[in-house]
Amino acid sequence: MAVLWIAVGAVLVALVGAVAYWLLVITEGTYLGTSAVILMYDWAARRYDKIKDLRYINEVYYVGLPICSSLHGMGAPRILDVATGTGRVPLAIRRAGNDGAYIIGVDRSRQMLAEAQAAAAEFRGRIAWLRADAVALPFDNAVFDAVTCLEALEFVVAPDRALREMVRVLKPGGVLWLSNRVGWEARLFPGRLAGRGRLEVRLREMGLRDIDTKRWQIHYDLVHARKPIALQQPERVGARFIQSQERINP
């Protein structure tokens, strides 16, 4: 009988451990609510790039160059990076050679933004950092030539609202760059847009065109789409460009 209870106890401990691993590691606290996500990212900010094993050359090749190529011919594009974290996308774009771009990175984590600002010190004046929510972006309609959101959408509590906000602030003719969680891990994100093909369907439903998907990483596809010229803007208008939210730059 004692052996049975030990076995039951071991199974329960294993189940609790598996659930905790899913909540805290795989899904990074997203199913515990926005406050939990912010707390976890604040806590991990200084170690985040090492945890993700981000490398300069890879970021330029796989992130910066594809985005820059989609903006070819634009002298000084405005780019918004949503859930910017430690600033990987703005840094990759700048290092890829787009000297004319003006980039804004937004994130809810104060510590992640502090790390981003420190890493981008050489580009001060061409990259700005704002503490803001992906589901309520503090910008007017149609002010950005490109909007990016990489390795983040599955961790947003309301991904559909975030998508609508990104499309809202994108100029007609502008390009939207997103990563989509794929593979078996996509099944561990119920209620999100994870899973091959689901994000593309949602973008078509929202009226975007020229949707293209490329295999990008083991767990991600890279999806980009354009906002058609005739796509009607939502009625809600955000705050003015770089206004009414805490600006991180000194």
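What you see is a predicted model, and the numbers here were worked out from it, not measured in a lab. One is the number of the first residue; the rest follow in order along the sequence.
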_Which residue is it: Arg226, Lys171, Lys227? I am looking for the one with a salt bridge (charged side-chain N to carboxylate O under 4.0 Å, His left out) to Asp145._
Lys171
*asked:* According to side chain to side chain donor-acceptor pair (under 3.5 Å), who are the partners of Gln111, at least two apart in sequence or on a separate chain?
replied: none
*asked:* Is it the case that the side chains of Tyr102 and Arg126 hold a donor-acceptor pair, with the cut-off being a distance below 3.5 Å and no angle test?
replied: no
_Is it true that, when you exclude Arg47 itself, more than 12 heavy atoms of the residues, nucleotides or ligands shown sit nearer than 6.0 Å to its CZ?_
yes
*Mind checking what makes side chain to side chain donor-acceptor pair (under 3.5 Å) contact with Arg46, not counting sequence neighbours?*
none
*asked:* Exactly one of Ile93, Leu222, Val175 should register a side-chain contact (heavy atoms from CB on, under 4.5 Å) with Ile67. Which one does?
replied: Ile93
*Identify, with sequence neighbours excluded, every residue that meets side chain to side chain donor-acceptor pair (under 3.5 Å) alongside Ser179.*
none
_If hydrophobic clusters are built from ILVMFWY residues whose side chains come within less than 4.5 Å, do Val167 and Ile211 share one?_
yes
*Arg108 backbone acceptor or donor facing Arg131 side chain under 3.5 Å*: yes
*Compute whether any side-chain donor of one residue and acceptor of the other, for Asp107 and Thr84, lie under 3.5 angstrom apart.*
no
_Listed partners of Thr30 passing side chain to side chain donor-acceptor pair (under 3.5 Å), at least two apart_ = Arg192
*Check whether the side chains of Tyr220 and Glu154 place a donor and an acceptor atom closer than 3.5 Å, and report yes or no.*
yes
*If you round to the nearest 0.5 Å, how far is CZ of Phe123 from CD1 of Ile103?*
8.5 Å
*Can you list the residues that meet the salt bridge (charged side-chain N to carboxylate O under 4.0 Å, His left out) rule with Asp42, with sequence neighbours excluded?*
none
*If a pair satisfies ring pair (Phe, Tyr, Trp, His ring centres under 6.0 Å) and one of its residues is in residues 160-181, list it, with sequence neighbours excluded.*
Trp177-His224
*When you check the gap from the basic side-chain N to the acidic O, do Arg88 and Glu151 get nearer than 4.0 Å?*
yes
*asked:* Return the CE to CZ distance between Met206 and Arg168, rounded to the nearest 0.5 Å.
replied: 11.5 Å
